[in-house]
Amino acid sequence: MAEHGTASVHDGLRAVFAGQDLERIPEEAWRKYGLTAKTLDLSYNLLKTLDGIQKFSVLEELILDNNELDDSSLQLPLLTHLRTLTLNKNQITDTEQILTTLKEKCPNLHYLSLLGNQACPNELLGTGHDDEDYQRYRYYVIFKMPNLAFLDSKPVTSQERKEAKRVGEFMKIVRPSAEVFQAAEKKPRSSDSEYTPLPQSQAAQGQHKGVFGKCKYVYYGKHSEGNRFIRNNQL
């Protein structure tokens, strides 16, 4: 894996280190462009950490698509100038955690994209989510980060803002923890379960038990709807 990258595009304000199999931000990046770069493109790498991002003091756009960043990797410094952040197709699963971090560390963020992560229930991920799941997610993100003007692939509408203000706090996405999944996997399958709706043992032939009874039921026809339109001469 590459440890040292070379900017393919750099003009002082923009530095691109895309597609170089980088596992971390190369020292060259922040040494040469940390004080001037407003755009940093680290997409299509193998990043597992953002160590070094604190060196970019005037960053306005950060592109991190198609990496291997997970929830524990997103240890961000305070980035007061950052307005655009794309984290598409990483390994982010905790929606609440990422939003809390971004709200605190990126207070002026206006564009955010999380498509292709489990934290974003978009049907493109192929996990059985539908449009309603995604819309609820949008309401919650907009509620948590009201300054956003663009989320994922489309702008935030005035109607979404209004609805997010009304119901957004109730749209929180709660996912079972890894421990819950592990415990569920250890439980026996239904075929191995001790539960059964049938008796545990079978009676021997000729020893079956049952109950037989009868009751006297008399119908007087007082509430019969079928007789409402039958005349006496028709009986």
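- Within the structure, every pair that satisfies the salt bridge (Lys or Arg N to Asp or Glu O under 4.0 Å) test and touches residues 137-161, not counting sequence neighbours, is listed here: Glu96-Lys144, Arg138-Glu160.
- Side-chain atoms of Asp41 never come within 3.5 Å of backbone atoms of Val16 as a donor-acceptor pair (strictly under, hydrogens ignored).
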From CA spacing to verdict: side chain to side chain contact (heavy atoms under 4.5 Å, CB included), Val58, Thr36: CA-CA 7 Å; Val58 295; Thr36 59; 5.7 Å; no

Step-by-step salt bridge (charged side-chain N to carboxylate O under 4.0 Å, His left out) determination, Glu28 to Arg31: CA-CA 5 Å; Glu28 176 194 359; Arg31 282 193 178 277; over 6 Å; no

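- Between Asp65 and Leu42, every side-chain heavy-atom pair lies at or beyond the 4.5 Å cut-off.
- A heavy-atom distance below 4.5 Å is found between the side chains of Ile53 and Leu62.
- Ring pair Tyr137/Tyr140: centre-to-centre distance not below 6.0 Å.
- A distance of 12.5 Å separates CH2 of Trp30 from OG of Ser57, quoted to the nearest 0.5 Å.
- Within 6.0 Å of the NZ atom in Lys32, the count of heavy atoms belonging to other residues, nucleotides or ligands does not exceed 12.
- In this structure, Leu64 CG and Leu50 CG are separated by 5.5 Å, a value rounded to the nearest 0.5 Å.
- Pro107 approaches Leu78 most closely through the heavy-atom pair CD-CD1, 4.2 Å.
- Atom OH of Tyr33 and atom CG of Leu13 lie 12.0 Å apart (nearest 0.5 Å).
- Cluster annotation: Ile92 and Ile63 are assigned to distinct hydrophobic clusters (Ile/Leu/Val/Met/Phe/Trp/Tyr, side-chain heavy-atom contacts under 4.5 Å, transitive).
- Using a 4.5 Å cut-off on side-chain heavy atoms (C-beta onward), Leu82 and Thr80 make no contact.
- Side chain of Asp70 to backbone of Ser72: a donor-acceptor contact under 3.5 angstrom is found.
- Distance CD/Glu23 to CG/Asn67: 10.5 Å, rounded to 0.5 Å.
- Inter-residue side-chain proximity for Phe150 and Leu112 is flagged as unmet; no heavy-atom pair is nearer than 4.5 Å.
- Considering only heavy atoms from C-beta on, Leu69 stays 4.5 Å or farther from Gln91 through its side chain.
- Taking all atoms of both residues into account, the shortest heavy-atom contact from Thr95 to Ala119 is OG1-O, 2.7 Å.
- Between the CD atom of Gln20 and the CG atom of Asn45 there is a distance of 6.5 Å, given to the nearest 0.5 Å.
- With sequence neighbours left out, Asn147 forms a side chain to side chain contact (heavy atoms under 4.5 Å, CB included) with no residue at all.
- Taking a cutoff of 4.0 Å between a charged side-chain nitrogen and a carboxylate oxygen, Glu68 and Lys48 qualify as a salt bridge.
- The shortest side-chain heavy-atom distance between Leu87 and Leu85 falls under the 4.5 Å cut-off.
- Applying the side chain to side chain donor-acceptor pair (under 3.5 Å) rule to pairs touching residues 100-113 yields Asn88-Ser113, sequence neighbours excluded.
- No side-chain N or O of Asp51 forms a donor-acceptor pair with one of Thr49 less than 3.5 Å apart.
- In this structure, Tyr134 is a member of the same hydrophobic cluster as Ile142, with clusters built from ILVMFWY side-chain heavy atoms closer than 4.5 Å.
- Residues Gln118 and Thr93 bring no donor and acceptor atom of their side chains to less than 3.5 Å of each other.
- To the nearest 0.5 Å, the span separating CG on Leu102 from CD on Gln97 amounts to 10.0 Å.
- Residues Leu109 and Leu79 fail the side-chain proximity criterion, which asks for heavy atoms closer than 4.5 Å.
- Side-chain contact between Phe17 and Leu22 is present, with heavy atoms from C-beta onward closer than 4.5 Å.
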